[in-house]
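One-based numbering, in listed order, for ligands and for the atoms of each. Basis for what follows: all heavy atoms, side chains included, without hydrogens, waters or symmetry-related copies.
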Amino acid sequence: MAYIFVTGGIISGLGKGIVTASLLRILKSRGYKVTAIKIDPYVNVDAGTLRPTEHGEVWVTEEGGETDEDLGHYERFICESLTKDHNITTGKIYYSVIEKERRGEYLGKTVQLIPHITDEIKNCIKNVAKKTKSEIVLIEIGGIVGDYENIIFLEAARQLNREENVVFVHVSYVPIPNKLGEPKTKPTQQSVKLLRELGIQPDFIICRSRENLDEVRKQKISLFCDIPKENIIDDPDIETVYELPLIFEKQDLSKKILNKLNLSEKITNSLDLEQWEERTRILKQKDRIVKIGIVGKYIGTGNFKLADSYISVEEAVKHACAFLGYKPEIIWIDSTKIELNLPKIQGIIIPGGFGITGIEGKLKMIKYCRENNIPFLGLCLGLQLAIIEFARNVCGLKDANSTEIDENTKNPVIDILPEQREIIKNKKYGATMRLGVYPAVLKEGTRVYNLYKKFNLIKNNVIFERHRHRYELNPKYHKILQNNGMIFSGFSPDGKLVEFIELPNHKFFVATQAHPEFKSNLLNPSPLFYGFVESCLK
Ligand code: GLN
């Protein structure tokens, strides 16, 4: 068993998650069974209660974990599912240690940061390694070196280095200030110094910069940080994240890491990344473009745009587009400021969401798509709003609403599940939604059925998608919606919950209560996203 720790320096947002995901990709392609863990130093037990503009999208795992978005990057790059055990937070570690203390498991002992917290961290890491039978485990430590919050995790990493086969990869930033025009290595030197103060000597430095570094800068970093020059790896600005594994491989990074770990290259010739490379090439070209609008409320922080809140939706669009030979141009539309003049937008996606902000804007957009034959894909909240819009404007239920938006609506077309009502009454908000993978039975002959069939994902009419919601289409309104022309293309196996809807005589008007974006990757696009993009091209 070998471990690779990925740390970060200087600023956040350097793409450590993508670096870790790319390392996973190339090591897997070298024939190794790999997996990854994300450590988040915040006190929340999981990411379920975080606002997306604070910490990016909440990723949902198959078994229903609500985790950091980096697990999404890992899954997309290794094309395998992970579980919530692969996301460790400060809250989770302390929670578990405190529970043990109350159960008397440390009876007579003073429970301390070292060794009890660090032991708990190491055990969590080793358990994932054991459970997944992985040969190499990558552990990405959130935040940057020098933060208060992650020190105890770095200490655990230092200890593990004495017990196991460990390599340290440090992701650093080499700025090229505009007026100077010269790459500056001092911040990197200082962040490595900070790391060494904690007893960690990195084996590799990944240099995030505008461009590749020249020999002079590499020499400097090598000298000051005590790292062989060939282990200083370029990580320049790129157009699409899917290029990074290819860039790393050009620098022989998987071989160098395996070498450092004393592991052989199981696959010695060039890696089987042809399809990956081809789709990456499509995402870089500029001739075949499709313009897609995503309507959301978590679009910005302060004066800056921030798209990470919907990262999986954006990536799923890219996967479907690349499969069809196109590059998407994504237009972010703020649901609180909807204008219906949409020059050249070829289709609209309404992703998931919570609360009342921006709802009316989204409803306006759905009506516009429905009436003007513009491809529309609704995801979770997107389905719920498509129902509300249809109930109001086609079925004539003018005050139709979701009880999440208006508790006292006379026509609660979207309502909370009875078991969820209890949960909310008792204020048990953490990890209590309808979470994770659920089966749906699809109706033969529907558009949704045909799309899943095309990708061979349907068996006995059943498909599986991940979920994260509390509200549902109210069964009392099934009849009236159907009588007015809405098609329910998929139900939960007990026939109670509507999972997919579609409208006939429309270029593409499909919505699902699930989040198919969580199962999409570059090599296997999601059927619904594929169907949507294909219609946008018509
Ligand atoms: N807020 C809605 C619900 O809880 C939709 C959730 C979502 O879009 N993920 O059911």
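The six-membered or imidazole ring of Phe77 lies near that of Trp276, with a centre-to-centre distance under 6.0 Å. Ring centers of Tyr530 and Phe455: under 6.0 Å apart, within the cut-off.
No salt bridge links Glu444 with Lys453; every basic N to acidic carboxylate O contact stays at or beyond 4.0 Å. The residues Asp85 and Lys131 are annotated as salt-bridged, a charged nitrogen and a carboxylate oxygen being separated by less than 4.0 angstrom. Ionic pairing of Arg76 and Glu69 is not present here: no N-O contact between side-chain nitrogen and carboxylate oxygen is shorter than 4.0 angstrom.
Residue His86 forms a side-chain contact (heavy atoms from CB on, under 4.5 Å) with just one option from Val137, Thr132, Thr67, Thr61, and that option is Thr132. Partner of Phe500 under the ring-ring contact (aromatic ring centres under 6.0 Å, His included) criterion, out of Phe491, Phe488, Tyr452: Tyr452 alone.
Of all the heavy atoms of His469, the ones lying under 4.0 Å from any atom of ligand 1 are found in both the backbone and the side chain.
Ligand 1 has a nitrogen or oxygen under 3.5 angstrom from a nitrogen or oxygen of Leu381. The shortest N/O to N/O separation between Gln513 and ligand 1 does not fall below 3.5 Å.
Scanning the protein heavy atoms around atom 10 (O) of ligand 1, the nearest turns out to be Tyr471 N, 2.8 Å. Nearest protein neighbour of atom 5 (C) of ligand 1, counting heavy atoms only, is Gly353 O, 3.3 Å. Protein heavy atom closest to atom 9 (N) of ligand 1, with residue, atom name and distance, is Arg468 O, 2.8 Å. Nearest protein heavy-atom contact of atom 1 (N) of ligand 1 is Glu404 OE1, 2.7 Å. What sits closest to atom 4 (O) of ligand 1 on the protein, heavy atoms only, is Arg470 N, 3.0 Å.
Close to ligand 1: His515, with a non-hydrogen atom less than 4.0 angstrom away.
Shown in contact with Cys380 at under 4.0 Å from a heavy atom are these atoms of ligand 1, numbered in order with element: 5 (C), 6 (C), 7 (C), 8 (O), 9 (N).
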